[in-house]
Amino acid sequence: MNVVPQNAVSVDPVKLEKLGEVAVKVGLRLQKGQDLLITAPMAALPLVRFITKHAYRAGAGLVTTFYSDEQSTLERYREADEASFDRAADWLYQGMAKAFEGGTARLAIAGDNPMLLSEQDPARVARAARANSAAYKPALEKISNFDINWNIVSFPNPSWAKLVFPNDPEAIAVAKLSKAIFAASRVDQDDPIAAWTDHNANLARRAGWLNDQRFAALHFTGPGTDLRVGLADDHEWHGGASTAKNGITCNPNIPTEEVFTTPHALRVEGHVSSTKPLSHQGTLIDDIRVRFEGGRIVEATASRGAEVLAKLLDTDEGARRLGEVAMVPHSSPISASGILFYNTLFDENASCHIALGQCYSKCFLDGANLSQDQIKAQGGNSSLIHVDWMIGSDKVDIDGVKEDGARVPVMRAGEWA
Ligand code: ZN
Ligand code: ZN
């Protein structure tokens, strides 16, 4: 199969190699002798090769890549027996969990067409996703508990590029998307590694200010939104680089513009409207409106994709509660690009957001040493899902609310106050 040469022409190989280098040196901070597990779409082969090159140059022990292919994914929906949709490759995920337990670093390349499954039966898509989440859980926990250094970067797959730029021929669409990915990932700058050092320092300053404030809650107000998000007891804000339990300081998401923490699973009240569509497993969910009572979503509507949203909320008990709240200024470079990427990694960095489902244990003071029960007692949510959706815009204000009720402006019209 020949998937590489045509689209590779539209992607600047020099910047692509810089992206590979940034993924290894900034994203993973891969250590000498450390093994690396990569998952990637077939089309991202040129980027996998650069990452592999820089990983071995950094002293990687062994680099192993698993590829996925959009066409093969669709064949399952066309041809597979009905029972197939309750299956997942448990053995593979068990192997991944074992690798992470042994200290292997994890790199995921995103880039598949986010609408790939949009024509498929939503019930089947949900069943397959549920089976996959359940099988993946032991491995995912190593990531969500931040046991190891991990990183996600993106490659401009032609199918994704055509979704983002539908009116352009494929080569132009890929060129435009690659340019946007390179800019957001700071590899269009002369010294990308130094640019990331600066950026990490800025994000750490914001997170430090929020930690000093010790807010009990955040209050979001804007069109269709009046939401009080209680924060977990002894929550901690993070942003940019952070240190995994294996002691390695890495940048899990490239790009990243957010500072984020853990809401209290039982203390969210009011209603909120999404400000950008959410692309979830092949379906676009638009104009989400939900109402919370006691931290739980009790009403949810969407103008589009409502059925998928309902199924998502029914995944498990924790799927109706929040696991993350994040601040991103409206003027962030990704927001300023005006592009809807249909990809959470980018779109969540264009706007303040909340996430349904699993919390990050690192977003607690001394989180590395807390048991699952302690995290729960402090308000941390647990679920098979973690789905971010955008609630910020230039029309949204945010106040921090202290324990005694005192209010401090945090954002006005989408910018840091
Ligand atoms: Zn986030
Ligand atoms: Zn998130």
Side-chain angles (χ1 to χ4, degrees), residues 1-28 30 35-58 60 62-75 89 92 96 104-117 143 150-165 170-188 192 251-256 279 281-282 339 341-347 349:
M1 193 165 103
N2 187 359
V3 289
V4 180
Q6 292 87 346
N7 63 58
V9 171
S10 327
V11 180
D12 178 343
V14 175
K15 293 199 177 85
L16 191 67
E17 175 156 9
K18 279 190 177 176
L19 182 59
E21 191 180 354
V22 161
V24 170
K25 291 185 180 168
V26 177
L28 292 169
L30 196 72
D35 288 356
L36 174 61
L37 173 73
I38 304 175
T39 53
M42 279 300 291
L45 184 58
L47 178 58
V48 173
R49 287 176 175 157
F50 284 133
I51 289 168
T52 304
K53 171 179 163 182
H54 284 278
Y56 281 123
R57 196 174 271 180
L62 188 65
V63 181
T64 307
T65 306
F66 294 106
Y67 293 95
S68 59
D69 168 55
E70 294 184 338
Q71 189 72 36
S72 306
T73 301
L74 288 176
E75 295 300 353
L92 177 66
M96 286 170 79
T104 297
R106 164 90 169 101
L107 191 144
I109 300 179
D112 275 332
N113 176 5
M115 303 297 280
L116 182 68
L117 301 177
I143 306 293
W150 61 272
N151 172 240
I152 307 181
V153 287
S154 292
F155 182 85
N157 272 20
S159 57
W160 176 26
K162 277 296 286 175
L163 178 71
V164 178
F165 301 105
E170 185 173 290
I172 304 288
V174 168
K176 282 185 176 175
L177 182 58
S178 65
K179 210 173 158 220
I181 291 172
F182 293 151
S185 308
R186 295 181 155 73
V187 297
D188 61 344
N251 263 94
N253 286 352
I254 288 185
T256 186
S279 169
Q281 284 167 347
I339 299 170
F341 288 86
Y342 301 91
N343 175 331
T344 302
L345 186 56
F346 288 82
D347 293 327
N349 282 301

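Bear in mind that the values here come from a model prediction, so they are computed numbers and not experimental data.
When atom types are taken as modelled, the side chain of N343 and the backbone of L345 share a donor-acceptor pair closer than 3.5 angstrom. Remark: the backbone N or O of L45 is not paired with any side-chain donor or acceptor of Y67 at under 3.5 angstrom. Not a single donor-acceptor pair under 3.5 Å links the side chain of N253 to the backbone N or O of I152. No donor-acceptor pair closer than 3.5 Å links the side chain of N151 to the backbone N or O of L28. Between the E70 side chain and the L116 main chain, no donor and acceptor come within less than 3.5 Å of each other.
Note: K15 NZ to S185 OG = 12.0 Å, rounded to the nearest 0.5 Å. One finds the CD1 atom of I38 at 4.0 Å from the OG1 atom of T52 (value rounded to the nearest 0.5 Å). Distance check, rounded to the nearest 0.5 Å: CG of D69 to CD of E75 gives 9.0 Å. Once rounded to the nearest 0.5 Å, the distance linking CH2 of W150 with CG of L37 reads 13.5 Å.
Side-chain contact between N251 and V22 is absent, with no heavy-atom pair separated by less than 4.5 Å. Residues N157 and N113 fail the side-chain proximity criterion, which asks for heavy atoms closer than 4.5 Å. Here the side chains of I51 and I109 are in contact, with some heavy-atom distance below 4.5 Å. Annotation: side chain of I339 is not in contact with side chain of L177 (no heavy-atom distance under 4.5 Å). Contact annotation: the side chain of L117 approaches that of L74 to within less than 4.5 Å [non-hydrogen atoms, C-beta and beyond]. Annotation: side chain of I181 is not in contact with side chain of F155 (no heavy-atom distance under 4.5 Å). Side-chain contact check for L16 versus P46: some heavy-atom pair is nearer than 4.5 Å.
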Q.
Under the criterion side-chain contact (heavy atoms from CB on, under 4.5 Å), I'd like the reasoning laid out for K18 against D188: C-alpha separation, chi angles, the key distance, then a yes or no.
A. CA-CA 9 Å; K18 279 190 177 176; D188 61 344; over 6 Å; no
Q.
Walk me through whether R106 and M96 qualify under side-chain contact (heavy atoms from CB on, under 4.5 Å).
A. CA-CA 9 Å; R106 164 90 169 101; M96 286 170 79; 3.9 Å; yes
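Shown here is K162, whose NZ atom has more than 12 heavy atoms of other residues, nucleotides or ligands within 6.0 Å.
Heavy atoms only, all atoms of each residue included: D112 and P41 are closest at OD1-CB, 3.4 Å. Closest of all the heavy-atom pairs between S154 and L47 is O-CD2, 4.1 Å.
Electrostatic pairing of K53 and E17 counts as a salt bridge here, judged by a charged N lying under 4.0 Å from a carboxylate O.
In this pair, F341 and W160 present their aromatic rings tilted. The plane angle is within the 30 to 60° band.
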